[in-house]
Amino acid sequence: MDVIQVILLAVVTFIFAIDQFSLTETLYRPMVACPIIGLCLGDLNTGLVVGGTYELMMVGNMPVGGAQPPNAVLGAVVAMVFAVKSGMGVEAALGSSIIFAVFGQYVVTTVFTIMSGLMSKADKAAEEANPAGITQVTVVSMGLLGALFAVLAILAYTGGTQAAEMLNEVQESASWIMGGLSAAGGMMRFVGFAILMKIMLSSDLWGFFLAGFAMANIISNIEVLANSTMILMAFIGFAIALFDFQVNVNIKNRVGSGTGGTSDGI
Amino acid sequence: MDVIQVILLAVVTFIFAIDQFSLTETLYRPMVACPIIGLCLGDLNTGLVVGGTYELMMVGNMPVGGAQPPNAVLGAVVAMVFAVKSGMGVEAALGSSIIFAVFGQYVVTTVFTIMSGLMSKADKAAEEANPAGITQVTVVSMGLLGALFAVLAILAYTGGTQAAEMLNEVQESASWIMGGLSAAGGMMRFVGFAILMKIMLSSDLWGFFLAGFAMANIISNIEVLANSTMILMAFIGFAIALFDFQVNVNIKNRVGSGTGGTSDGI
Amino acid sequence: MDVIQVILLAVVTFIFAIDQFSLTETLYRPMVACPIIGLCLGDLNTGLVVGGTYELMMVGNMPVGGAQPPNAVLGAVVAMVFAVKSGMGVEAALGSSIIFAVFGQYVVTTVFTIMSGLMSKADKAAEEANPAGITQVTVVSMGLLGALFAVLAILAYTGGTQAAEMLNEVQESASWIMGGLSAAGGMMRFVGFAILMKIMLSSDLWGFFLAGFAMANIISNIEVLANSTMILMAFIGFAIALFDFQVNVNIKNRVGSGTGGTSDGI
Amino acid sequence: MASNVKEAAKYTDLTPAAPLSKADLNKMTWRSLQLQSAFNYERMQAAGWLWGILPGLEKIHTNKEDLAISMSHNMDFFNTHPYLVTFVMGIVLSLEQQKADIATIRSVRVAAMGPLGGIGDALFWYTFMPIVAGITATMAIDGSLVGPILYFVIAFGVQMVLRFWLMSWSYKLGSNAIGILTKNAKEFTRSASILGVFIIGAMVVTFGGTTTRIWIPNGDNPINLQGQLDTIFPKMLPFAITMLCYWLIKKKNFTPVKVILVLLVIGIVGAIFGVWAGDYTPLVDWYTVPAA
Amino acid sequence: MASNVKEAAKYTDLTPAAPLSKADLNKMTWRSLQLQSAFNYERMQAAGWLWGILPGLEKIHTNKEDLAISMSHNMDFFNTHPYLVTFVMGIVLSLEQQKADIATIRSVRVAAMGPLGGIGDALFWYTFMPIVAGITATMAIDGSLVGPILYFVIAFGVQMVLRFWLMSWSYKLGSNAIGILTKNAKEFTRSASILGVFIIGAMVVTFGGTTTRIWIPNGDNPINLQGQLDTIFPKMLPFAITMLCYWLIKKKNFTPVKVILVLLVIGIVGAIFGVWAGDYTPLVDWYTVPAA
Amino acid sequence: MASNVKEAAKYTDLTPAAPLSKADLNKMTWRSLQLQSAFNYERMQAAGWLWGILPGLEKIHTNKEDLAISMSHNMDFFNTHPYLVTFVMGIVLSLEQQKADIATIRSVRVAAMGPLGGIGDALFWYTFMPIVAGITATMAIDGSLVGPILYFVIAFGVQMVLRFWLMSWSYKLGSNAIGILTKNAKEFTRSASILGVFIIGAMVVTFGGTTTRIWIPNGDNPINLQGQLDTIFPKMLPFAITMLCYWLIKKKNFTPVKVILVLLVIGIVGAIFGVWAGDYTPLVDWYTVPAA
Ligand SMILES: OC[C@H]1O[C@H](O)[C@@H](O)[C@@H](O)[C@@H]1O
Ligand SMILES: OC[C@H]1O[C@H](O)[C@@H](O)[C@@H](O)[C@@H]1O
Ligand SMILES: OC[C@H]1O[C@H](O)[C@@H](O)[C@@H](O)[C@@H]1O
């Protein structure tokens, strides 16, 4: 085991782990990451080949709306370890790395679920008008994600094959934990919505919430429109908002300044 | 022919006929009705077997929006008669009873079409603030339905096989009468709508009627939404109504009490 | 070559060319046109057969929304020339005429694209309150279309087979010109819309434009509703307009005559 | 009295009645079981509905004219899922008790019954009952009496619990909401009517099943008339027939019975000529349906 | 005069003109046959439409400036089904006669022409004409002159009856409605404009057919550009080109003719590079369409 | 201070701040790269968003209380496409600078982020990046270092140009629009809230992916629970869970952290019983999924 290689690998993985969401969102792609890892492991050329091949495999595998695809960073690290250290062929290395990419996907999901807890810290910093607190939250988050991935990289380097077996086993026997975390992760955003609604939804706007829900349901269930839901909703919502604005301005202008207010409704 | 059996059969059929729409809406299901008929005909066990089998066959066969599925009551009666009296096997008895279930469906459709006529009686009672008149309408309706089915049950008991032949023949030669009645039955509700509209639809609400028609057309033509049409319409309609309410309350509050009214429109 | 036949053919083609859009919109259909051309070429019977056959082939081939189907006039003329003069069988004549129908479609597309230029003449006449100017525009347009087709008819009569070859060649080598003109033709209407919008779209109505676009997108992407888009949009649009009317009338009536105006919005 | 009773906009006595007692509500919940006792295709459950809430109405409207008004508008077209009807009952009764505007009551009733019908069908007819059947049917087939008994107890038990609970909950709900609304009664009536009318428009679509099966003879390519109508807009026939009925009633002063007779004639004459869709053989055979 | 004629909001002479006579209406019905005489892709039937109602406009606007105003706005983009155009004529003429606001007339015209176009196409082009053809074609093929004659008589006869009837009916309709509306003319103008603008938005969708056929080269998996655009939103190109035209006309003061030239260039240059969909071979071949 | 800071409707100091300098904007554009640095499933990009605009907020709100208010509402749920986030930044900063109502800023933020997220994903994740990859990957496979370098330069370069341009453009846009709006500030706030709330309703649909995989045992015909829920209305679970969270927070005064814990428990306990959809084996096996 080559200590320097391990350290280098840990460092670049630390960076890629952060980069997959922040910074450039480009560096971490297999296309770029693999050659760099190759340099660390002393085999740039294999890095280029694995990187190009892996990148093409992952085309279109992007995180959309926060949903996680198989994790490209862990996949790339492990594929490179297998290809360079274990001397597997490119295809075999990529194939064997899939279980790690899936595992990495679970790791990210779990981290994103748990990190929801940090938001109360950020809220507190906000309420105290404390910018440093916010900075801290972001730095801690990035550090955590980076460190976790760095550790995983080291583990992969030192015990790649055993790890693969173990992971396969875990995936089978305790898959319900992952399933539960994924499900919970998918629900977290509803907390975010609820917080928004708590403040924005004065009782007289419930109708628009329901109408928004219904209209989006309509649009997103028309196959060709599914992807355009939000922009079409913005068009319609804009029309409604503008109309409301005109009516209320008209009412106001007609009367000068009146006695009642807009939100005297139900 | 066993007179007591006939009488018992007629009595329970009378009850089931009513129960299929009023009372428990449960008793009349083959699952419960067949064992009871079995008791009347002196063969509980066949009743259980026919009932369970028939119930599974009819799962999901429920009257929705007033549309009639093959009639379970007449089907059950005849199937039991065939199984117990004619000694047919369970499957054969159920198979032979299908034409009666279909015939029963026609009977109900016809009754529901014709019974529309009773509504003027009910209207009159209502206008005279005469609760007894309403009671009468409901009792007469139930009695009529029950009696009709009781008679059919007796006919089935006494002349099951000939009846089957006759029905098959009628279904072929005079199917247009049934077709016409079904079509008319399907149109009756439009009279109900028209009466509602006559009163609710002051001229300034025509737009909402048309919009409701158009939106429901949109939703119900999106396959996965078809069943949700009404609830989504309620969401959207609620939004519109609430908005209208807010605007008009705002207008009123601003001015105190004005000179004109809401319905001065077109 | 029979001069009288050529002259007759040119004259009726001139009329049909105009008739395919103006006048009766009936005369030009193969069903009627072919027998007439048959008379000109001295073979009424072939005209009837070709006409009937061609008409059935073209059923449903109508210009909708200005989109051009293969041109029935040129197709009919050529089919008749081939059937009567070259003595081809009916089927063969019709088959060979297809390339001309396609060519005719391009011709019409091109003419309709170019004739957009005439609109500025019409605008000028309108601004000068000069009815004669409008008449002129329509007469010139009809004349041009008629003349063009008459010339094409003569060419087809004199050099049908060579023309067919040439056309096939042109269609291959310079198809991009036709493609470009078709594309441009399809875009011309957007100019029409833009002119309308320039005047109707005071800034406070943008919302309704966007909502109209979004709703029509929704409706027209539901397969069974695609053809009903406009009428359903009219229903919904009517509801919105009526609602707006009622609200603003209500505002006005409440206050007598106010200080501000409806269009004080954004 | 009769004629203007039907058009009344408000009750003559506008003082809120005393709240209905638990016993009153319970009685009406029991009566709700006969919701469909006079089911028919014109008003569907209207008479059963009215009969169900009659005890309440009689308590609320001591004045005979008001009772007539109330009974009359409660004879409007009505249809919802039987298990859920007490929800509508509770809310309508709370409005009646507060003497809300007729148009308001009407609209709230329409707006509630439509969606509840759809939800109930999905929940009970298509999910709950099949499950109960699935669990108990094999017992019966195996000859055990427990099967049917369990079936009955579960199915009937669940619906009764639901009926009682919905009644008291929705009556409370309605009573609480009403205070806020009476302050702006006129505006509320208008918006409730909007909702009601919007839902009626929707019901023409969802309840309207009338279609034609005519194939217009056209050589080898007969034309499917319904298909052509659909390209104008789907549900055109239901729309047209509703308009026809409306026009007969509103402009020609037809009574509903007369309109029903008209539709009967249309239905049967149509079937003679094979106009309406359905599985029958028309008397007069003037077109052929192409083999599918 | 010219420039402000196009932007005028009202006629200078607002006294309603004398009603048009039956003879006037008939004359314009005949003229309606030339609705498409100057058809083109910019305004479609605009010039033919104006020519059709000119006799009426000349009677109504005795004042030359008003005639100019009226003729100008009647040169707007226009398209409807030819058989149904007289319905639009009648209603517009009734508005003209009452000297309604220009915006109102414009909007009513737009709101009527769109739906009637769709309905007419479904009814006449796709249903009526094929039926007539189906009935008569075999006669012709069998050599009978009755075929074409019947075809012509039916097709032309039906449309003429329709044209005359629609003209007089809708003119009456418009004249009756107008009284109620002038009381709230300003509000009516606004709501009519809303409807008009809403329909224009819809027309961009229904009339807009411009698509691209580019496949972006991408190794073994070329990317279909139109597919990508559609995920943003369908009809994006028609929307974008309309916006472009609007911007050129409104902000850059282009004349329509200039915009047309721009589009011609865009169309042809695009076709050279195979940008636009269509069945042609581009001059410059820089991408390959994958075999389907 | 803390508690009422979250509910504040307006800033205490309403004098518009000095406009932000080019340097300020640039700094925040660089910071925008860490938008997702504290990504999590409750608020998604909220903390990164706030951190990104903090320099601006500090300049604008010199008063500490206002800074607290501003920071608090900028910790709301936030999610958009990273490349396009500076557009939202610019417009929000212009509103902050003018001390617009909190509700207005909130709503504009929500209304902008939603559509930009969808557009960005389509444009960049699904179109742009695959194309760049397609062009450069073969170079890499052939052993050329140019491949990865080009990949990085193009992908990163394009996004940076975009980020800078969008920031300055939208800041300008916002600053210009704001003047007109403050005249009718109250009305504008209401309509902006309408738009925001409408979009939140839509987000429940588009972001809500929670489904169940339960098959209710039912003899030979097990019933797919999700299918049944969908007949009531699609996205019913997301709707229900959102309502649950709302109710816990609003009525039961739960803190968000507590709600998160509740959902974690629901998620894991649900997975134990195989409630939630997903590719896992539940601990407790009480139903069988029918072979497809
Ligand atoms: O969907 C918008 C946005 O959502 C999340 O923030 C991430 O998944 C991003 O990658 C994505 O662009
Ligand atoms: O659709 C609601 C309702 O409609 C009718 O009343 C009957 O068919 C009921 O069984 C059904 O539940
Ligand atoms: O679509 C309406 C209308 O559009 C154009 O004007 C022509 O194609 C007509 O044939 C058609 O009826």
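Order of the sequence lines sets the chain letters (A, B, ...), proteins ahead of strands, with each chain counted from 1. Remember, predicted model here, so these are calculated numbers, not experimental data.
- Residues G134(E) and L56(C) share a closest heavy-atom pair of CA-CD2, 4.4 Å.
- Residue N63(E) places its CG atom among more than 12 non-hydrogen atoms of other residues, nucleotides or ligands, all under 6.0 Å distant.
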Given I134(C) and L54(E), is the side chain to side chain contact (heavy atoms under 4.5 Å, CB included) satisfied, shown in steps?
CA-CA 9 Å; I134(C) 302 297; L54(E) 256 182; 4.0 Å; yes
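- Looking only at distances, no side-chain donor or acceptor of R43(E) sits under 3.5 Å from a matching main-chain atom of M119(C).
- Between the side chain of D19(C) and the backbone N or O of I15(C), no donor-acceptor pair lies under 3.5 Å.
- In this structure, the side chain of N79(E) does not engage the main chain of M44(E) through any donor-acceptor pair within 3.5 Å.
- Chain E forms more heavy-atom pairs under 4.5 Å with one residue of M215(C), M115(C), M187(C) than with any other, namely M187(C).
- L23(C) touches chain E through backbone and side chain together, each having a heavy atom under 4.5 Å away.
- At distances below 3.5 Å, at least one donor-acceptor pair connects side-chain atoms of Q105(C) with backbone N or O atoms of Q68(C).
- Here P234(E) is the residue among P234(E), P282(E), G118(E), S32(E) with the most heavy-atom pairs under 4.5 Å with chain C.
- Of the atoms belonging to W276(E), it is side-chain heavy atoms, and not backbone ones, that fall under 4.5 Å from chain C.
- Ranking L35(E), I272(E), D279(E) against chain C, the residue ahead of the rest is I272(E), based on heavy-atom pairs under 4.5 Å.
- Checked by atom type and distance alone, the side chain of Q45(E) pairs as donor or acceptor with a backbone atom of T80(E) at under 3.5 Å.
- Taking the centre of each ring, F239(E) and F233(E) come in below the 6.0 Å mark.
- Neither the backbone nor the side chain of M139(E) comes within less than 4.5 Å of any heavy atom of chain C.
- Atoms OG1 and CE, from T210(E) and M236(E) in turn, are 13.5 Å apart once rounded to the nearest 0.5 Å.
- Proximity to chain E (any heavy atom under 4.5 Å) is shown, for T109(C), by both the backbone and the side chain.
- With rounding to the nearest 0.5 Å, the separation of CD in E128(C) from CG in L67(E) is 12.0 Å.
- Here the CD1 atom belonging to I268(E) is positioned 13.0 Å from the CZ atom belonging to F273(E), to the nearest 0.5 angstrom.
- Counting heavy-atom pairs under 4.5 Å between each of I102(E), V257(E), I241(E) and chain C puts I241(E) at the top.
- When the heavy atoms of residues 223-233 of chain C are compared with those of chain E, the residues falling under 4.5 Å are T229(C), M230(C), I231(C), M233(C), listed by number.
- Only the side chain of L44(C) comes within less than 4.5 Å of a heavy atom in chain E; its backbone stays farther off.
- Contact count against chain E (heavy-atom pairs under 4.5 Å) is highest for S175(C) among G179(C), A184(C), S175(C), A239(C).
- Looking at A125(C), only its backbone comes within 4.5 Å of chain E, counting heavy atoms on both sides.
- The candidate from G147(E), S144(E), G117(E), S37(E) with the greatest count of non-hydrogen atom pairs under 4.5 Å with chain C is S37(E).
- When the options F16(C), Y28(C), F112(C) are evaluated for a ring-ring contact (aromatic ring centres under 6.0 Å, His included) with F21(C), the one that passes is F112(C).
- Between W125(E) and Y83(E), the two ring planes are perpendicular [angle over 60°; tilted spans 30° to 60°].
- Residue with the most contacts toward chain E among G47(C), G237(C), A126(C), A216(C): A126(C) (heavy-atom pairs, distance under 4.5 Å).
- Using a 4.5 Å cut-off between heavy atoms, S107(E) contacts chain C through both its backbone and its side chain.
- In this structure, R29(C) contributes its side chain and E55(C) its backbone to no donor-acceptor pair below 3.5 Å.
- Annotation: maximal heavy-atom pairing with chain E below 4.5 Å, among V137(C), N45(C), T113(C), occurs at T113(C).
- For V110(E), the part sitting under 4.5 Å from any heavy atom of chain C is the side chain, from C-beta outward, and nothing else.
- Between chain C and the options G201(E), G120(E), A103(E), A271(E), heavy-atom pairs under 4.5 Å are most frequent for G201(E).
- Remark: T206(E) engages no residue in a side chain to side chain donor-acceptor pair (under 3.5 Å) (not counting sequence neighbours).
- Neither the backbone nor the side chain of M178(C) comes within contact range of chain E; no heavy atom of the residue lies under 4.5 Å from a heavy atom of that chain.
- Both the backbone and the side chain of L145(E) have a heavy atom closer than 4.5 Å to some heavy atom of chain C.
- With values rounded to the nearest 0.5 angstrom, K186(E) atom NZ is found 11.0 Å from N184(E) atom CG.
- For a residue to count as touching a neighbouring chain, one of its non-hydrogen atoms must lie under 4.5 Å from one of that chain's; by this rule P55(E) does not touch chain C.
- Note: S22(C) leads S22(C), A211(C), S141(C) in heavy-atom pairs under 4.5 Å with chain E.
- With a 4.5 Å cut-off on non-hydrogen atoms, I119(E) touches chain C through its side chain but not through its backbone.
- Interface remark: I18(C) contributes no atoms to any contact with chain E (heavy atom separation under 4.5 Å).
- In this structure, chain C has heavy atoms under 4.5 Å from both the backbone and the side chain of A133(E).
- Taking the ring centroids of F77(E) and W49(E), they lie at or beyond the 6.0 Å cut-off.
- For the options G185(C), A234(C), G186(C), S120(C), heavy-atom pairs under 4.5 Å to chain E are most numerous at G185(C).
- One finds the CD1 atom of I149(E) at 11.5 Å from the OG1 atom of T136(E) (value rounded to the nearest 0.5 Å).
- With rounding to the nearest 0.5 angstrom, the CZ atom of F188(E) is 9.5 Å from the OG atom of S193(E).
- Classified by interplanar angle (parallel below 30°, tilted 30° to 60°, perpendicular above 60°), the ring pair F156(E)/F152(E) is parallel.
- For a residue to count as touching a neighbouring chain, one of its non-hydrogen atoms must lie under 4.5 Å from one of that chain's; by this rule T135(C) touches chain E with backbone and side chain alike.
- For L144(C), no part lies under 4.5 angstrom from a heavy atom of chain E.
- Per-residue counts of heavy-atom pairs under 4.5 Å with chain C were compared for G278(E), G209(E), G143(E), S70(E); the largest is that of G143(E).
- If you measure heavy-atom distances from P35(C) to chain E, the contacts under 4.5 Å come from the side chain alone.
- Looking at K64(E), its side chain never comes within 3.5 Å of a backbone N or O of A129(C) through a donor-acceptor pair.
- For E58(E), the part lying near chain C is the side chain, with the backbone staying farther off; criterion is any non-hydrogen pair under 4.5 Å.
- With a 4.5 angstrom heavy-atom cutoff, N130(C) touches chain E only via backbone atoms.
- For V204(E), the parts lying under 4.5 angstrom from a heavy atom of chain C are both the backbone and the side chain.
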